[in-house]
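Naming: A, B, ... by sequence-line order, numbering from 1 per chain. Note that the structure is predicted; figures quoted are calculated from it, not measured.
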Protein chains: 2
Amino acid sequence: MMMRAEIIAIGTELLLGQIVNTNAQFLSEQLAALGIPVYYHSVVGDNPERLKKQIEISAERSSLLIFTGGLGPTKDDLTKETLAEFVNRKLVLDEAAMNSITQFFSERNVTMTENNKRQAIVLEGSHVLHNETGLAPGMAFQEDETLYMLLPGPPKELRPMFIHFGIPYLSTFLPEKKVVHSKVMRFCGIGESALETELLDLIDQQTSPTIAPLAKDGEVTLRLTSYAKSVSEAEQEMEELVAEIQSRVGPFLYGWNEESLEQVAVNKLQVKGYTVAFAESCTGGLLSSFITRAEGASKVFQGSVVCYSNEIKNRQLNVPQIVLDKEGAVSEKTASIMAQEIRKLYHSDVGISITGVAGPTTQEDKPIGLVFVGFALPDRTFVKELRLGGQRDSIQIRAAKQALYTLIRELDSEQ
Amino acid sequence: MMMRAEIIAIGTELLLGQIVNTNAQFLSEQLAALGIPVYYHSVVGDNPERLKKQIEISAERSSLLIFTGGLGPTKDDLTKETLAEFVNRKLVLDEAAMNSITQFFSERNVTMTENNKRQAIVLEGSHVLHNETGLAPGMAFQEDETLYMLLPGPPKELRPMFIHFGIPYLSTFLPEKKVVHSKVMRFCGIGESALETELLDLIDQQTSPTIAPLAKDGEVTLRLTSYAKSVSEAEQEMEELVAEIQSRVGPFLYGWNEESLEQVAVNKLQVKGYTVAFAESCTGGLLSSFITRAEGASKVFQGSVVCYSNEIKNRQLNVPQIVLDKEGAVSEKTASIMAQEIRKLYHSDVGISITGVAGPTTQEDKPIGLVFVGFALPDRTFVKELRLGGQRDSIQIRAAKQALYTLIRELDSEQ
């Protein structure tokens, strides 16, 4: 069966511009990787008549209809009811979903409101897609050569549901397998256009594997994708390209696929048997919150001092008042002392400090974006000076990521 | 003329999931502010046949069609050609646009490639929309009671063009001015479905003002929207509804419009002349990073101890080893001591602590989602016990937000 997909999002909040349709992007990317072409995206409000007309149009022109949103407990959630009428199926209670919902509320000692039961209703005869991160289950079924799939609106629920249950369901309808194999190379410390410039000829020549660069705050990824008969064939196809990329921009490569900077940093600390502690000023706890997202963080991360005021820098981290007055809180000297002192205070092997001007206003006559990151290791201390662009939140994120990236590089160099 | 708008994006890159349709969000927001309802978003690839079919469907159901993308110089930019055929208009060269393009290249000393001329072609008789930040002009025209507007795809070209030239064009077609006035009520500490249950009859009866609930991690907002002759009339229309909502769920209301929890908390601390410090365990610095996003945070926020390990809880915050052993790091007692100790250590008026099980695994045989938030104020200490749902990151966000919300409530109660 040759599928032609259409993604239909339901939600007035999309039409009011309150949220962006990131689900359509995510699903399109996933479907492309499965080799299923997407021909249309549609968005319609929480209005049963207009939704019904859209379903008529979409069922006419597409053979896989993926609906997102409108499965929740509230009155304006009408996707199931409208689609049930269109395909002439009954709505029935799904026992498993009902049990999960009841359990959710009883575990939390919260009385379940009546409208929550609506979430356990599914179209009769449909394949129920379990919701690992929320209450409303998804569902999928085939009717007259057309496949229908219903997914919840919140991306946090939709994404794991589609990956764990949606893709396996769709795979059973796919023709002879071609494997789509992707590999992501993760870079830090180099901008997107600089990276692209280094690789321009490779990007221009791309066929299979394809090369897709993507930038987000302080990081750039390259997604290599091969269409091949098997994973091992795809891997083989990529080998040469990967080697070429590494030879050009290897020093900025910190990880692969889903590895995050914080995960790589935690792993390398664990291998070394090092513990770490942070002293954060302008990042206000962001670096700490990053590292605690990594698996195994509790084995290496002791804790932090967020020294937002100079008083705390002085009293808790022993930055002498004369240094704060003369060189300033945003200075190489202060960063260096903060790193050494947090290392001592928290009895950790490595101490990292961040102090800088995140904006929106300048500070101590120093420019927005000037950040000092200090590193105190068992046998050495050094400070890295950064000049970061962007708004306040972007400067904070970049500073925290550069701290992790420099730590990774430093631990590598010790080997 | 009563307009019903539809936004049609053209671009295969959207259907491949390479980019997100942020243009649709931007235009929807702008149109809502003009009082023009948007009924559909559609996305179609760079394929003239499918685009033509989509135009037929859209022209049938909508009276204002805004196209985005497909105006560029390359082969796959087919919007103008396809639409010209549909409305039976000629394509003609726009001299002004041609001059800008020629000038652009000569100023840069770059030879203009032939395909760049295509960008200066417009539909005959259309109102040309100047492109201040790029080369391809937009255009707008009326045909058979339907308005058509073509805008370039890159957001940095589309946005200024729509604001400076698109809105003035549309305004000439608007009936006697009606103002669209919105007000957002922000809640914390109550779930979306519980909030809706309390307001069900109001939501059912809604006409103007309309009521739209929206949930995101740990918060719910209600957007009230009035269509009236003036802002003051809209305000008047809302007054009664706002009072009714407040009488039912007032205790959970923390702010209005764009106010964030952290901003409200910082403002209230400033009014009181209080400083604050945090001791964070399971949130790993997230609460600190939240508060530093608020304007004026540096005036009230002293800093934090992120006490991720028990060693730090014991050594830096004086949580006795016997408490950690007997009651556990995740306990009311530990939270209470952490709050009192950080208050003392950082010389702040208020100390707030967070300790809990964020997952993914249980801890001390305590369930995931169990979180204790401690508050130490000049004259009292108390601990709030939370049972939070969701994944690790969601539990962390909810815990941090509940801490801010409880602080706000507590400061209010002091007045």
Atom group of B:Q302 that falls short of 4.5 Å from chain A, counting heavy atoms: both
For A:Q316, is it the side chain, the backbone, both or neither that has a heavy atom under 4.5 Å from a heavy atom of chain B? side chain
Could you look at A:I312 and say if it's the side chain, the backbone, both or neither that has a heavy atom under 4.5 Å from chain B? side chain
Using only atom types and a distance under 3.5 Å, with no angle test, would you say the side chain of A:Y308 pairs donor to acceptor with the backbone of A:G284? no
Between the main-chain N or O of A:G153 and the side-chain N or O of A:N23, is there a donor-acceptor pair closer than 3.5 Å? yes
Less than 4.5 Å to any heavy atom of chain B: does that hold for the side chain of A:I57, its backbone, both, or neither? side chain
With chain A, which of B:G303, B:A9, B:A5 has the greatest number of heavy-atom pairs at distances under 4.5 Å? B:G303
Among B:G389, B:S28, B:S394, B:A194, which residue forms the greatest number of heavy-atom pairs with chain A at distances under 4.5 Å? B:S28
Under 4.5 Å from a heavy atom of chain A, the part of B:T225 involved: neither
Could you pull out the closest heavy-atom pair between B:A297 and B:V266, with the gap in Å? N-CG1, 4.0 Å
Using side-chain heavy atoms (C-beta onward) and a distance below 4.5 Å, is A:E280 in contact with B:S289? no
Between A:E13, A:E132, A:Q18, A:K53, the one whose heavy-atom pairs under 4.5 Å with chain B are most numerous: A:Q18
Check whether the ring centres of A:F278 and A:F301 lie less than 6.0 Å apart, and answer yes or no. yes
Leading residue by heavy atom contact count with chain A [cutoff under 4.5 Å; candidates B:R387, B:Q30, B:R223, B:Q391]: B:R223
A:R50 charged N/C atom sitting above B:Y39 aromatic ring, 6.0 Å / 45°: yes
Run A:E6 and A:R4 through salt bridge (charged side-chain N to carboxylate O under 4.0 Å, His left out) and show every step you take. CA-CA 7 Å; A:E6 172 158 357; A:R4 288 184 299 174; over 6 Å; no
Determine the option with the most heavy-atom pairs under 4.5 angstrom with chain B, choosing from A:F290, A:Y40, A:F104. A:Y40
Would a distance-only check, ignoring hydrogens and angles, find a side-chain to backbone donor-acceptor pair under 3.5 Å from A:Q396 to A:C282? yes
Contacting region of A:K313 [heavy-atom separation from chain B under 4.5 Å]: neither
Without swapping roles, check the side chain of B:K366 against the backbone of B:V330 for a donor-acceptor pair under 3.5 Å. yes
Best-contacting candidate, B:Q54, B:E196, B:E192, against chain A by heavy atom pairs under 4.5 angstrom: B:E196
Can you tell me which of B:S193, B:A32, B:A277 forms the most heavy-atom pairs within a distance under 4.5 Å of chain A? B:S193
Tell me, out of A:K156, A:E295, A:R293, who's got the most heavy-atom pairs with chain B below 4.5 Å. A:K156
Determine yes or no for a side-chain-to-main-chain donor-acceptor pair under 3.5 angstrom, with A:S106 supplying the side chain and A:Q103 the backbone. yes
Please name the residue in the list B:I36, B:L27, B:V38 that meets the side-chain contact (heavy atoms from CB on, under 4.5 Å) test with B:I66. B:L27
Which bit of A:L345 is near chain B, if near means a heavy-atom gap under 4.5 Å: side chain, backbone, both or neither? both
Interface check, chain A: of B:P213, B:S304, B:S288, B:S309, most non-hydrogen pairs under 4.5 Å belong to B:S304
Toward chain B, the part of A:N21 with a non-hydrogen atom under 4.5 Å: backbone
Take B:K344 and B:E341 through the salt bridge (charged side-chain N to carboxylate O under 4.0 Å, His left out) test and state the conclusion after the steps. CA-CA 5 Å; B:K344 264 194 272 174; B:E341 291 291 326; 3.3 Å; yes
Taking the side chain as every heavy atom from C-beta outward, state whether B:V276 and B:I291 have any atom pair closer than 4.5 Å. yes
Hey, which of A:E114, A:E29, A:H347, A:R61 has the most heavy atom pairs under 4.5 Å with chain B? A:H347
Which atoms of A:S42 approach chain B - backbone, side chain, both or neither, heavy atom under 4.5 Å: both
Interface check, chain B: of A:S298, A:C307, A:A24, most non-hydrogen pairs under 4.5 Å belong to A:S298
Max heavy-atom pair count under 4.5 Å with chain B, selected residue of A:L287, A:I19, A:I7: A:I19
